[in-house]
Number of protein chains: 2
Amino acid sequence: MSKKYRSDAMASIHETMEALHTIGAIDKRTMRRFDEACLTPVSPLTAREIKALREREHVSQAIFAHYLNVTTSLVSKWERGEKKPSGPALKLLSLVEKHGLTAVA
Amino acid sequence: MSKKYRSDAMASIHETMEALHTIGAIDKRTMRRFDEACLTPVSPLTAREIKALREREHVSQAIFAHYLNVTTSLVSKWERGEKKPSGPALKLLSLVEKHGLTAVA
DNA sequence: CGAAATATAGCACGGAGTGCCATAGAATAA
DNA sequence: TTATTCTATGGCACTCCGTGCTATATTTCG
């Protein structure tokens, strides 16, 4: 019950805000600031954190890579610090970290 | 009710599969193939599809970019075909396309 | 009207991500 | 046991994604 409250609330609030805006009840500026405030913060992840994250989900590098639509070798490089995820990749990892692997299924 | 059936089912099935595997009831191979079959397919998006997708969500390029953790200019380039999203970025866009913007919030 | 948001544009640049192949250890099957 | 598959690491070359900055034109709003 309370497990899905977060995303459900988000969705309904978002719809409400949108309706308020189309009606003209609220500002476009307010709308924008609301949107920016609602995002899950994206914090940079260390190599070890990525590996721990994957092992928390009990999947191999290959499957993990599949979920994120990247190659297996890249996941290996992430976990060894040879490459650092950035931009979209970091966002995906943050999603997995906060909502689990099924959030990106 | 039926609106969230998809993700809920996914989550519970995934947990069930995991439990079955740890107990030893099912194969590791079977587990892997199941995982691969469960992913939302990632299809390449054209420039116009990306723009239509963003407008469907009623957000500006800036906010859209914020959601995906990329820069505003990149979104502009996507929509004009100057650059093509690939790998993690494409996965994120597919998520938005299929589950809405709140899925990546 | 003026001010802020929005979208387009161009350019240089670092490095993320890809692809392929090879290796080696661990797990599973026959 | 042997054989086969999965697993993770490693290297190397290469493409071009994504960033950062700036400038401009248009639109939208107070």
Side-chain angles (χ1 to χ4, degrees), chain A residues 20-37 42 44-48 50-94 104, chain B residues 17 20-36 42 44-48 50-94 104:
Chain A
L20 285 175
H21 170 251
T22 39
I23 290 175
I26 60 168
D27 229 328
K28 220 174 199 176
R29 238 169 322 309
T30 316
M31 180 74 183
R32 202 185 106 256
R33 299 194 177 265
F34 159 78
D35 267 328
E36 287 179 354
V42 174
L45 296 169
T46 70
R48 237 167 308 161
I50 296 177
K51 178 162 193 164
L53 176 58
R54 176 179 62 83
E55 288 173 342
R56 192 193 70 184
E57 303 291 332
H58 303 97
V59 292
S60 67
Q61 290 181 342
I63 296 181
F64 196 70
H66 221 97
Y67 269 89
L68 306 183
N69 197 35
V70 297
T71 60
T72 309
S73 69
L74 183 57
V75 173
S76 172
K77 282 161 191 171
W78 281 347
E79 296 187 356
R80 282 177 294 121
E82 191 177 328
K83 301 264 170 126
K84 304 201 170 184
S86 80
L90 203 55
K91 176 72 184 188
L92 273 176
L93 288 172
S94 295
V104 296
Chain B
M17 292 291 285
L20 285 174
H21 170 250
T22 39
I23 289 175
I26 60 168
D27 230 328
K28 224 176 199 175
R29 239 170 320 311
T30 316
M31 180 74 182
R32 202 185 106 258
R33 299 194 178 267
F34 159 78
D35 267 327
E36 287 180 353
V42 175
L45 296 170
T46 71
R48 238 167 309 162
I50 296 177
K51 178 162 192 165
L53 176 58
R54 175 179 63 82
E55 288 172 343
R56 193 192 71 185
E57 303 291 333
H58 303 97
V59 291
S60 67
Q61 290 181 343
I63 297 181
F64 196 70
H66 221 97
Y67 269 89
L68 306 182
N69 196 36
V70 296
T71 60
T72 307
S73 69
L74 183 57
V75 173
S76 173
K77 283 162 193 175
W78 281 347
E79 295 187 357
R80 283 178 292 123
E82 191 177 329
K83 300 267 169 120
K84 304 201 172 186
S86 79
L90 203 55
K91 175 71 184 188
L92 272 176
L93 288 171
S94 294
V104 297

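First the proteins, then the strands, lettered A, B, ... as listed; each starts at 1.
- The distance from atom CD1 of Ile63(A) to atom P of dT7(D) is 6 Å, rounded to the nearest whole Å.
- A distance-only check finds a donor-acceptor pair linking the side chain of Asn69(A) to the backbone of Gly87(B) [under 3.5 Å].
- When the side-chain nitrogen and oxygen atoms of Arg54(B) are compared with OP1 and OP2 of dA7(C), one or more of them lie within a distance under 4.0 Å.
- The side chain of Thr71(A) contributes an N or O atom lying less than 4.0 Å from OP1 or OP2 of dT18(C).
- With sequence neighbours excluded, the residues forming a side-chain contact (heavy atoms from CB on, under 4.5 Å) with Arg80(A) are Ser76(A), Lys77(A), Glu82(A), listed by chain and number.
- Nucleotides of DNA chain C nearest to Glu82(B) and Lys51(B) differ in position, and the one nearer the 5' end is that of Lys51(B).
- Between Leu74(A) atom CG and dA16(C) atom P there is a gap of 9 Å when expressed in whole angstrom units.
- Rounded to whole Å, atom C1' of dA16(C) lies 17 Å from atom CD of Glu79(A).
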Would you write the dot-bracket representation of DNA chain D, where each base gets (, ), [, ], | or . depending on whether it forms a Watson-Crick or G-U pair under 3.5 Å and with which partner? |||.||.||||||||||||||||..|||.|
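- Taking all atoms of both residues into account, the shortest heavy-atom contact from Leu92(B) to Leu68(B) is CD1-O, 3.7 Å.
- No side-chain heavy atom of Arg48(A) sits under 4.5 Å from any side-chain heavy atom of Lys51(A).
- Between Lys83(A) and Trp78(A) there is a side-chain heavy-atom pair separated by less than 4.5 Å.
- One N or O on the side chain of Lys91(A) and one on the backbone of Val104(B) form a donor-acceptor pair closer than 3.5 Å.
- Listed here is the closest heavy atom pair of Leu90(B) and Pro44(B): CD2-CA, 4.0 Å.
- Each of Ser73(B) and Gly87(B) was matched to the nucleotide of DNA chain C holding its nearest heavy atom; the match closer to the 5' end belongs to Ser73(B).
- For the OP1/OP2 pair of dG17(C) and a distance below 4.0 Å, the side-chain nitrogens and oxygens of Trp78(A) include at least one atom meeting the criterion.
- Gln61(B) has a side-chain polar atom (N or O) that falls below the 4.0 Å cut-off from OP1 or OP2 of dT8(C).
- Using a 4.0 Å heavy-atom distance criterion, Lys84(A) is classed as a sugar-phosphate-only contact.
- Note: NZ (Lys91(B)) to C1' (dA16(C)) measures 19 Å, nearest angstrom.
- When the side-chain nitrogen and oxygen atoms of Arg80(A) are compared with OP1 and OP2 of dG10(D), one or more of them lie within a distance under 4.0 Å.
- dT7(D) atom P lies 15 Å from atom NE2 of His58(A), rounded to whole Å.
- Judged by distance alone with a 3.5 Å cut-off, a donor-acceptor contact links the side chain of Lys77(B) to the base of dG20(D).
- Here the nucleotide nearest the side chain of Pro88(A), chosen from dG17(C), dG18(D), dT8(C), is dG18(D).
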Let me see the working for Val75(B) and Glu79(B) under side chain to side chain contact (heavy atoms under 4.5 Å, CB included), right down to the final yes or no. CA-CA 6 Å; Val75(B) 173; Glu79(B) 295 187 357; 3.8 Å; yes
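- As rounded to whole Å, 15 Å separates atom C1' of dC17(D) from atom CG of Asn69(B).
- Rounded to whole angstrom, the span from the NZ atom of Lys83(B) across to the C1' atom of dG20(D) amounts to 12 Å.
- Among dG18(D), dT7(D), dA16(C), the nucleotide with an atom closest to any side-chain atom of Ser86(A) is dA16(C).
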